[in-house]
Q: 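Right, I'll just put the structure down here and ask away after.
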Amino acid sequence: MLRSLEQTPVTGSGEDPRVAELRAAVSRLRRELAAHPVEFPDRAIAEDELAALAAMASHGIPELPRLRRSLLLIAGSIGSVSALARGLSEVRAAVDLFGQPPRG
């Protein structure tokens, strides 16, 4: 579950806690998708966009329009796979954090 930003410590490197949340949520959903045994038509789109989100999170604070675009593509490609709904919701919540000013 997504942690509150007030409870998320800022690392010694001064990392934005929103980036840490995004990286963790994306990582969890990527693992869940990799373990999901059923193939579906847009799986490759979801995998590509999750990889793009992971790359954005590894390079500092991502641009909100790009985050939202990736989220829409991921949601459209796996939205009907109920087994992945929780992970998708966590990624959405992490993306939504970027609409708020950073706390630290």
Side-chain angles (χ1 to χ4, degrees):
M1 176 161 259
L2 196 64
R3 296 177 303 240
S4 168
L5 287 178
E6 290 90 6
Q7 298 172 351
T8 304
V10 174
T11 63
S13 65
E15 178 182 46
D16 187 320
R18 300 173 301 171
V19 174
E21 289 292 343
L22 177 63
R23 190 171 35 253
V26 167
S27 179
R28 282 188 297 270
L29 184 54
R30 288 178 89 181
R31 285 191 307 269
E32 290 172 14
L33 183 58
H36 189 66
V38 178
E39 287 297 319
F40 49 93
D42 294 329
R43 185 181 191 126
I45 294 169
E47 290 169 344
D48 290 347
E49 288 304 317
L50 284 167
L53 282 177
M56 284 187 265
S58 70
H59 292 98
I61 299 175
E63 297 177 11
L64 185 57
R66 179 66 177 105
L67 287 175
R68 289 188 174 150
R69 179 183 178 279
S70 287
L71 178 61
L72 285 172
L73 289 169
I74 294 165
S77 61
I78 66 173
S80 65
V81 181
S82 61
L84 301 173
R86 180 174 177 204
L88 177 59
S89 178
E90 290 177 358
V91 170
R92 179 182 178 267
V95 168
D96 286 346
L97 292 174
F98 288 88
Q100 304 169 6
R103 297 183 188 185

Q: Under the side chain to side chain contact (heavy atoms under 4.5 Å, CB included) test, which residues partner D42, sequence neighbours left out?
A: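 Only I45, S77 meet the side chain to side chain contact (heavy atoms under 4.5 Å, CB included) criterion with D42.
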
Q: Applying side chain to side chain donor-acceptor pair (under 3.5 Å), name anything that partners R30, two or more places apart in sequence or on another chain.
A: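 If we apply the side chain to side chain donor-acceptor pair (under 3.5 Å) test to R30, skipping adjacent residues, there are no hits.
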
Q: Of all the heavy-atom pairs spanning L97 and R18, show the shortest one and how long it is.
A: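 The answer is O-CD, 3.2 Å.
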
Q: Tell me, do L67 and L22 make a side-chain contact under 4.5 Å, heavy atoms counted?
A: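 Contact flag for L67/L22 side chains = yes.
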
Q: May I have the step-by-step check of side-chain contact (heavy atoms from CB on, under 4.5 Å) for L29 and I78, ending in yes or no?
A: CA-CA 11 Å; L29 184 54; I78 66 173; 4.1 Å; yes

Q: With sequence neighbours excluded, what pairs up with R69 under the side chain to side chain donor-acceptor pair (under 3.5 Å) test?
A: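 So R69 forms no side chain to side chain donor-acceptor pair (under 3.5 Å) with any residue.
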
Q: Check side chain to side chain donor-acceptor pair (under 3.5 Å) between S27 and all other residues, then give those that pass, not counting sequence neighbours.
A: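 Partners of S27 under the side chain to side chain donor-acceptor pair (under 3.5 Å) test: R31.
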
Q: For residues A52 and R66, report the shortest heavy-atom separation together with the two atoms involved.
A: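 Here A52 and R66 meet closest at CB-NH2, 3.7 Å.
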
Q: Quick check for you: to the nearest 0.5 Å, what is the distance between D16 atom CG and F98 atom CZ?
A: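 Separation between the atoms: 6.0 Å.
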
Q: Decide yes or no for P62 and V95: does some side-chain heavy atom of the first lie under 4.5 Å from some side-chain heavy atom of the second?
A: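 Contact flag for P62/V95 side chains = no.
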
Q: Quick one: CD on E90 to CG on L84, what's the gap to the nearest 0.5 Å?
A: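 Nearest 0.5 Å value for the CD-CG distance: 11.5 Å.
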
Q: Taking only residues two or more places apart in sequence, or in another chain, which ones meet R43 in a side chain to side chain contact (heavy atoms under 4.5 Å, CB included)?
A: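 Result, side chain to side chain contact (heavy atoms under 4.5 Å, CB included) vs R43: L33, H36, E39, F40, E47.
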
Q: Side chain to side chain contact (heavy atoms under 4.5 Å, CB included) with A44: which residues, sequence neighbours excluded?
A: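 For A44 there are no side chain to side chain contact (heavy atoms under 4.5 Å, CB included) partners, ignoring immediate neighbours.
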
Q: Please check if M56 and L73 belong to a single hydrophobic cluster, counting links between Ile, Leu, Val, Met, Phe, Trp and Tyr side chain heavy atoms closer than 4.5 Å.
A: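 No, separate clusters.
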
Q: So how far is it from I61 CD1 to E15 CD, rounded to the nearest 0.5 Å?
A: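 Those atoms lie 9.5 Å apart.
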
Q: Same cluster or not: L72 versus L50, using hydrophobic residues (I, L, V, M, F, W, Y) connected whenever any side-chain heavy atoms lie under 4.5 Å apart?
A: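 Unlinked, L72 and L50 end up in two clusters.
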
Q: For L53 and I74: C-alpha separation, side-chain torsions, deciding distance, then whether side-chain contact (heavy atoms from CB on, under 4.5 Å) applies.
A: CA-CA 10 Å; L53 282 177; I74 294 165; 3.5 Å; yes

